[in-house]
Structures are given as C-alpha cells and as structure tokens.
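Each chain gets a letter, A, B and so on, in the order its sequence line appears, and its residues count up from 1.
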2 protein chains.
Amino acid sequence: MTKTAMPGFSPCNNATLRRAARKLSRFYDDVIAPSGLKGTQYGLLYQIYVGSEPAMGTIAEEMVMDLSALGHTLKPLIRDGYIEAFADKDDRRIKRVRLTTQGLAKLEEATKLWSTAQQRFEDMVGRQRAADLRAMLDEVAELDYEVPPAAPSS
Amino acid sequence: MTKTAMPGFSPCNNATLRRAARKLSRFYDDVIAPSGLKGTQYGLLYQIYVGSEPAMGTIAEEMVMDLSALGHTLKPLIRDGYIEAFADKDDRRIKRVRLTTQGLAKLEEATKLWSTAQQRFEDMVGRQRAADLRAMLDEVAELDYEVPPAAPSS
DNA sequence: CACAGATAGTGGTATATGCCACTAATTGGA
DNA sequence: TCCAATTAGTGGCATATACCACTATCTGTG
C-alpha cells in the first residue's frame, strides 16, 4: 500500500460523508440545544408531524433508518412526553405515533432555532449549492445498492 | 406551521446529510463486513496508517471527531489487537497510536473489500460526481460555524 | 522555583444506529 | 379452518459520537 498525499480528506466516499455529518450535526445540535432537543430528535418530530400518524415502519423507511434503531431513538421522546404511540385500528402489529400537544409546542420552539441554523449554513455555502447538495444526498440515500453475496456459487 | 409537500426528503441540510450517511454507511459496512471491521473502523485504521504515529488529538482533528469519541471508538480496535498506543517521548500528555502487524494485515484485507464498495458506488453515481460530492462534503466539514452565543450582550 | 492557566486524555452518561433473535399478529393457501 | 410464511416491533448487545467533569502534564511568568 502506498501512502499518497490526498487532496481533501480521504478518497473514501463513506468516510467523507460521515465526517461532514459529524461536523454539520454538531452545528445544528448546538443551535437547537436551547430547546433541549438534538438535531436528530428535531428531525424525527418534524417527520412525525408531517406524516399522518405514521407507522413506525413508514417513518423508518422515509428516514432510511433501521426499524429497531428508530424504536430506540423514539424512546427518549416518548419518555419526555413529546410523542405518543398507539396501535393501528385494523392491524395490531402496526404501531403509529403522533406528537402530543407538548410535542407540537416543542417542535415549534425548535423550528425557530432550526431556521437560524439552516439560514446560517445556507449563507455560508450558498442557497443553491445547499439545494444541490441535498439533491445529491437524496439520490445517495435512494440508491439501490445490492451488496454482492460473498459466495454467489450456489 | 404548514405541512408542505417537499421535493426530496426534507429541506433540512442536516437531516438530509445524516440520512444519506446512514444509507451509505450501511452499504460500506455490508461490503467490508467479511473482514470483521465496520466502515468507521476501517477509516480509522486507514487514518492511523497514513499518519506518522499520530497523536489522538491529531486524528480527532483530521476526522472532525470529538477527542473522547475517538477514544471510545479506538477501544475495540486496541482490544482486538489492531492498534497500539504509546506515550509521546517529549510530552507525556500526548498519546500516539500505530497499527500493529496484525492491524496492517487487517487494513490490507479490508482495503480489498473497501475498493469494491468504492468502485460500485462510483459506478452508480459516476466517478466525477462522487468526486464533486466529496469536495462539497470536505468543504462542509471544514466550515467555521461560529454558533452565536445566546446572550451576546457582553 | 512555584503556581495559575492551558493542553491532552479518560471515564461516565446519554443519544444514535445497526444486527440478531424473538414475539405477536396477519395472511395466504391446502 | 388451520398452519406455514410473512410482517411489524421489541429487547439485547455492540459500536459511534457527543458533552462534561476530572486527572495528569506542560508552560509561561513573577
């Protein structure tokens, strides 16, 4: 292996993406912090808000998140009274969630903070470039990767 | 608040970035899995490899990662014998790390797998677009956000 | 030299996320 | 109708990551 001096950070798309995510998350987290929410939690509340009492599986799919991970992440929000869960009327396997009154208030409070973070970020990179970046990232999140089986012999 | 139908996933740059990171990480993780490493661990081994017995603080800075987070992440790799730590000769506060023989072998093994993931990803989005994306993400990771103090009165 | 202040890491705690094994509920046949 | 296969979530466990409080070192200055 050769130790080549790299332009930028690393040629690895994954490492680069994660690195940027760490940095940007910290920024949004810092700005949203006064509300008591983390950026991820804000996003989750928002996603639940825009959905119509979405099922957990639906949210997981939209957020490209593992279902069990979503369950774990939801817990603090339920514990703090921002979200409530209930079984679907027709299919009791399905668990739906909605914001509580308190959750909606918290979302509105956090949205004000979020706006300043969003604004500041877009002021720095440019509104259009931010939109382009999001489009590219949406695409990455939607790709159909098909991991090749290790032994496709069978 | 108005529930507007959004193009793409969410207008939030942070949520979009994290979502893409989840998806891409799972892909790289899956491909690298046969080596027993996670994508993040691979990236860390690589970073240590290209550095010259880097100090933890240096790695944390390069990876835009919290120092304590790095410490936690390093533990399994040390436990498994891929990395070893030692105190800097001149400043005993500084802890440096290097790959063990085993760690180097593992890095080489994982690099073969990583290449297929990297290749497949770039085949899907295009080599140039991937490079553009990385450049944009590098920029995001390097931005100087300056969170405004809540009470800038002083 | 002594000490206040700055630096580098550690450990604890909490959220973020994923995989796996398992349970509950539903559904599609035979 | 009844059971095998499928679907939706849960709980346990492990890594990823952050912040905070604390310890161990250095360093600059009187």
message: Roughly what angle, to 10°, lies between the helix axis at the start of the helix from dC1(C)-dG30(D) to dA30(C)-dT1(D) and the one at its end, five pairs per end?
response: 0°
- request: Please report, rounded to the nearest Å, how far the P atom of dT7(C) is from the CZ atom of Arg96(B).
  value: 17 Å
Donor-acceptor under 3.5 Å (Asp80(A) side chain, Tyr82(A) main chain): no
- request: May I ask you to test the Met56(B)-Arg96(B) pair for a side-chain heavy-atom distance under 4.5 Å?
  value: no
message: Could you tell me how far apart Lys23(B) (NZ) and dA16(C) (P) are, to the nearest whole angstrom?
response: 21 Å
query: So what does Leu67(B) touch, heavy atoms closer than 4.0 Å: a base, only the sugar-phosphate, or nothing?
result: base
message: Checking Thr111(B) against Tyr46(B): is there a side-chain donor and acceptor pair closer than 3.5 Å?
response: no
query: Whole Å only: how far is the CG atom of Asp66(A) from the P atom of dA14(D)?
result: 17 Å
- prompt: If you take atom types as modelled and just measure distance, does the side chain of His72(A) reach the base of dG12(D) with a donor-acceptor pair under 3.5 Å?
  reply: yes
- prompt: Within less than 4.0 Å of OP1 or OP2 of dG9(C), is there a side-chain N or O belonging to Arg93(B)?
  reply: no
message: Measure CG/Leu37(B) against P/dA14(D) and give the value in whole Å, please.
response: 17 Å
- request: Applying side-chain hydrogen bond (donor to acceptor under 3.5 Å, both in side chains) between Asp123(B) and each of Gln119(B), Arg120(B), Arg127(B), report the one that passes.
  value: Gln119(B)
query: Atom CD1 of Ile59(B) and atom P of dG9(C): how far apart are they, to the nearest Å?
result: 9 Å
- request: Select one nucleotide: of dT7(C), dA16(D), dG18(C), the one nearest the side-chain heavy atoms of Ser68(A).
  value: dG18(C)
- prompt: Whole Å only: how far is the CD atom of Gln41(A) from the P atom of dT17(D)?
  reply: 18 Å
query: What nucleic acid atoms does Arg79(A) come within less than 4.0 Å of, heavy atoms only: base, sugar-phosphate, or nothing?
result: sugar-phosphate
field: Side chain of Thr40(A) - closest among dT17(C), dC19(C), dT17(D)
entry: dT17(C)
message: Closest-nucleotide mapping onto DNA chain D: is Asp29(A) or Thr58(A) further toward the 5' terminus? I mean the 5' end.
response: Thr58(A)
- prompt: Can you tell which of dT17(D), dG12(C), dG9(C) lies closest to the side chain of Lys95(B)?
  reply: dG9(C)
query: Is a side-chain N or O of Lys106(B) found less than 3.5 angstrom from the main chain of Ser35(B), in a donor-acceptor match?
result: yes
Side chains of Asn14(A) and Thr40(B) in contact at under 4.5 Å (non-hydrogen atoms): no
task: Please state whether the phosphate of dT17(D), meaning OP1 or OP2, lies under 4.0 angstrom from any side-chain nitrogen or oxygen of Arg26(A).
output: no
- prompt: Closest nucleotide of DNA chain C for Leu70(A) versus for Asp90(A): which of these residues is on the 5' side?
  reply: Leu70(A)
message: Counting only side-chain heavy atoms from C-beta out, which of dA16(D), dC26(D), dA8(C) sits nearest to Lys38(B)?
response: dA16(D)
- prompt: Out of dA8(D), dC19(D), dG11(D), which nucleotide sits closest to the side chain of Lys75(A)?
  reply: dG11(D)
message: Tell me the interatomic distance from Leu45(B), atom CG, to dA16(D), atom P, rounded to whole angstroms.
response: 11 Å
message: With a 3.5 Å distance limit and no angle check, can you tell me whether Arg129(A) reaches the backbone of Val125(A) through a side-chain donor-acceptor pair?
response: yes
- prompt: How would you label the contact of Asp91(B) with the nucleic acid (heavy atoms, under 4.0 Å): base, sugar-phosphate, or nothing?
  reply: sugar-phosphate
- prompt: OP1 or OP2 of dA16(D) sitting under 4.0 Å from any side-chain N/O of Arg22(A)?
  reply: no
query: So which one's nearest nucleotide on DNA chain D is more toward 5', Arg18(A) or Gly57(A)?
result: Gly57(A)
field: Non-hydrogen side-chain atoms of Ile48(B) and Leu107(B) separated by less than 4.5 Å
entry: no
query: If you check every side-chain atom of Met56(A), which of dT17(D), dA18(D), dT10(D) has the closest atom?
result: dT10(D)
- request: Write down the distance between NZ (Lys89(B)) and C1' (dC26(D)), rounded to a whole number of angstrom.
  value: 18 Å
- prompt: Under a 4.0 Å N-O cut-off, is there an ion pair linking Glu53(A) with Lys95(A)?
  reply: no
